[in-house]
Trainee: 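Before I ask anything, here is the structure I am working with.
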Number of protein chains: 2
Amino acid sequence: MPTIIDIAKKAGVSFKTVSRVLNEEVNVRPATRQKVLDAVKILNYRTNTAARNLRSKRPKVIALLINNPSQSYTQSVQLGALLGCQKYGLFLNLHTKYDKETIVSLASNAETIGFILTPPISDNKKVLETLSNLRKPFVRLGTKHPKAAGTCICIDDRQASYKITEHLINLGHNQIGFIKGHADYETATHRLLGYQEALEANGLTTNNDLIVQGDFSYASGLVLTEKLLGLNEKPTAIFASNDEMAAGALAAAYKKGLRVPDSLSIVGFDDSPIAMAVYPQLTTVRQSLSDMIEKAVEILAKPQTDNKNKIVILDHALVLRDSTGPALDT
Amino acid sequence: MPTIIDIAKKAGVSFKTVSRVLNEEVNVRPATRQKVLDAVKILNYRTNTAARNLRSKRPKVIALLINNPSQSYTQSVQLGALLGCQKYGLFLNLHTKYDKETIVSLASNAETIGFILTPPISDNKKVLETLSNLRKPFVRLGTKHPKAAGTCICIDDRQASYKITEHLINLGHNQIGFIKGHADYETATHRLLGYQEALEANGLTTNNDLIVQGDFSYASGLVLTEKLLGLNEKPTAIFASNDEMAAGALAAAYKKGLRVPDSLSIVGFDDSPIAMAVYPQLTTVRQSLSDMIEKAVEILAKPQTDNKNKIVILDHALVLRDSTGPALDT
DNA sequence: AGCAACAATGACAACGTTGTCAATTGCTCT
DNA sequence: AGAGCAATTGACAACGTTGTCATTGTTGCT
């Protein structure tokens, strides 16, 4: 493994200058910087995080605030955070409490770099207010928030929702039920918007009876799908705002004796582990929670880049599996 | 944060001796060791892994072999592994391939401490044979294996299975269907055994029609429960060998118009995230995959303790939720 | 008691990086 | 051109631990 001393020799500078370049410090001549970066590339240098952590007095702890009822969500998030921390030699401090006292005490810890907030905490106004009065940076996960400070990482929920709705429309569905997510989650609103825009763009009328209020739980998916299937003008497809509700919708379909996707198409959102666990496997939107959190860690780990009030939009993808099919001719 | 130098002063020895005690090296007088350990406790010393990793030339990478179709299983395992690695300042090398070439190449990497095998790889005879011919230690996850070398970490599957079966019996069930796990998994066998023993111990006869072969998937749970519910002598309760199949069983119950737990009780195994996602939430057996893997990392991280061919049995717990209830009087 | 052999302990360098401060370079202005 | 100043670069210590090797203590033997 090459060290900064090897790089220094190759670039013809002192190893301290190499250190400066790697840490993106100011006052390095562009030409010097370039020489160093070239050497780094040629020798395939990787920072030794052990040495850095030993010597450096920088804070090393990331506070992750998460309070989500879904275990699988929590796990994905934690996994991504740990992956990021391993990469940058940081430590993770997981917290499920998010009262003012907790946050202030975390922020006043000199070891804390900053915070990562996950939904629904990332949309909590009190928390955002508390944090913006403190000196520590924070990164929010979820949808962009006009008023909120801090960097935000998200996918384009509206567009993703639009696309998956259009997928159903293209299969011939024109009565598409929509199960909203929990009202505390900003993403839920964006997903509804995408659905409505897709209907409109394709000349379908929005029928408010087909839009019901869920809470991201399996149970709500189950109950609300039963309600939707009890309507006079039954939907031939159901768009649940997350995979757990879609799994619940699937159960409701079984209960009514409907075959999926033959008699009812169902789509979810997230591509969480449950999407592949159920039968038939769910058509859904993949967003990589792990990647989002890893990105969040990266942003906090590199303090010099200007992150304040930035919005990072990551990719999503439609995942077509077995829970969607052509609409029945009626 | 105290350092080994502080400890040394307190204990009246050189800091090198402290290092020796902390690393469980030989040739330290018991009295000296004790003085050091006391000082460690008093000052609440924690090893600085950065300094250790910087200076030490010991290997730092744990190779985790995992190839399980269940995403939620994979996530839990990875999470536990990363948690353990963070604790001991190690790096994780995740692998889904487990052919001889891959394993040999990992083992010949000087940075590799050893392997952690997860089911079904941990029960794969070829892999075990390959590994026992190599010099690297390995820890197996899953059930104990009479012939296999290496340390093994598991819960007492047989006893856990016995207890949850008895729970059903105590609720008045005497026709209990059993969905076996995938045949490649040794744990599956143990769970069947516990079920059979519980029936026998409670004076119930084993009815082979009630025992069906699943594969740990939701789909198999769904199909096989439909089959069980189609029998002349229908079961009033179903024991699925994992939570995903139990979720499938739940779907089958819905399909038949049965209410859970009123007309059919269902239990799972693992307490995976899906157990709390479905409705009603599953009665199941909690085994902490994360803890098991963390333990495995610990065993590899502390090379001096003699781990060869040891069996570590961790706790499990019955988790009573809403998918079980008294048997109907018939 | 004296000596060898080995057990137990200590002294000190080294790991690869960042922090501190000093030295050098380049630029602006007279 | 030279002074003055800021920008840039370099020299070297320091972080807390483990590795190497030297030194001291202890035991068993003659």
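Keep in mind that the numbers below use all heavy atoms, side chains included, and drop hydrogens, waters and symmetry copies. Note that the structure is predicted; figures quoted are calculated from it, not measured. By convention in this document, chain letters (A, B, ...) are assigned in the order of the sequence lines, proteins followed by strands, and residues within each chain are numbered from 1.
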Trainee: To the nearest angstrom, how far is A:Arg33 atom CZ from D:dA7 atom C1'?
Mentor: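 It works out to 14 Å between those atoms.
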Trainee: If you define the side chain from C-beta out and look only at heavy atoms, does anything of B:Phe138 sit under 4.5 Å from B:Ile116?
Mentor: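 When only atoms from C-beta onward are counted, B:Ile116 and B:Phe138 do not touch, as no gap falls below 4.5 Å.
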Trainee: Measure from CD on A:Glu25 to C1' on C:dC21 and round the result to the nearest Å.
Mentor: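 Rounded to whole Å, this separation is 14 Å.
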Trainee: What integer distance in Å separates A:Leu54:CG from D:dA14:P?
Mentor: 14 Å
Trainee: For A:Ser76 and B:Gln75, which I'm curious about, is there any donor-acceptor pair between the side chains at under 3.5 Å?
Mentor: yes
Trainee: Round to the nearest Å and state the distance from B:Lys16 atom NZ to D:dT17 atom P.
Mentor: 12 Å
Trainee: Give a yes/no on whether any side-chain N or O of B:Ser56 is located under 4.0 angstrom from OP1 or OP2 of D:dT17.
Mentor: no
Trainee: With a 4.0 Å cutoff (strictly under), does any side-chain N or O of B:Ser14 reach OP1 or OP2 of C:dG10?
Mentor: yes
Trainee: Under a 4.5 Å cut-off applied to non-hydrogen side-chain atoms, are A:Phe115 and A:Val139 in contact?
Mentor: no
Trainee: Heavy atoms only, 4.0 Å cut-off, all strands: where does A:Ser19 land among base, sugar-phosphate and nothing?
Mentor: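 A:Ser19: base contact, heavy atoms under 4.0 Å.
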Trainee: Does any non-hydrogen side-chain atom of A:Leu141 lie less than 4.5 Å from one of A:Leu117?
Mentor: no
Trainee: Heavy atoms only, 4.0 Å cut-off, all strands: where does B:Val13 land among base, sugar-phosphate and nothing?
Mentor: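 Answer is sugar-phosphate: B:Val13 comes under 4.0 Å of backbone atoms only.
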Trainee: A:Val28 or A:Phe15: which one's nearest nucleotide on DNA chain D is closer to the 5' end?
Mentor: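 Nearest-nucleotide comparison on DNA chain D picks A:Val28.
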Trainee: CG of A:Asn27 versus P of D:dC5: gap in Å, rounded?
Mentor: 18 Å
Trainee: Within this structure, what is the NZ-to-P distance between B:Lys57 and C:dA13, rounded to whole angstrom?
Mentor: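 For the pair B:Lys57 NZ and C:dA13 P, the rounded distance is 17 Å.
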Trainee: What nucleotide, of C:dT17, C:dT9, D:dT17, holds the atom closest to the side chain of B:Thr47?
Mentor: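 The closest nucleotide is D:dT17.
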Trainee: Rounded to the nearest Å, what distance is computed from the CZ atom of residue A:Arg29 to the P atom of nucleotide C:dT25?
Mentor: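 The answer, rounded to whole Å, is 11 Å.
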Trainee: Taking only the side-chain heavy atoms of B:Arg20 (C-beta and beyond), determine which of D:dG10, D:dT18, C:dT9 contains the nearest atom.
Mentor: C:dT9
Trainee: Rounded to the Å, how far apart are A:Asn23 CG and C:dG16 P?
Mentor: 17 Å
Trainee: When you check the phosphate oxygens OP1 and OP2 of D:dT9, does a side-chain N or O of A:Thr32 lie under 4.0 Å from one of them?
Mentor: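 A:Thr32 to D:dT9 OP1/OP2: side-chain N or O found under 4.0 Å.
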Trainee: Take atom CZ of A:Arg286 as the centre, draw a 6.0 Å sphere, and report whether it contains more than 12 heavy atoms from other residues, nucleotides or ligands.
Mentor: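 Atom CZ in A:Arg286 is not packed in, count stays at 12 or less.
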Trainee: Whether B:Arg55 contacts D:dG19 is assessed here as follows: a side-chain N or O lying under 4.0 Å from the phosphate OP1 or OP2. Is that the case?
Mentor: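 No.
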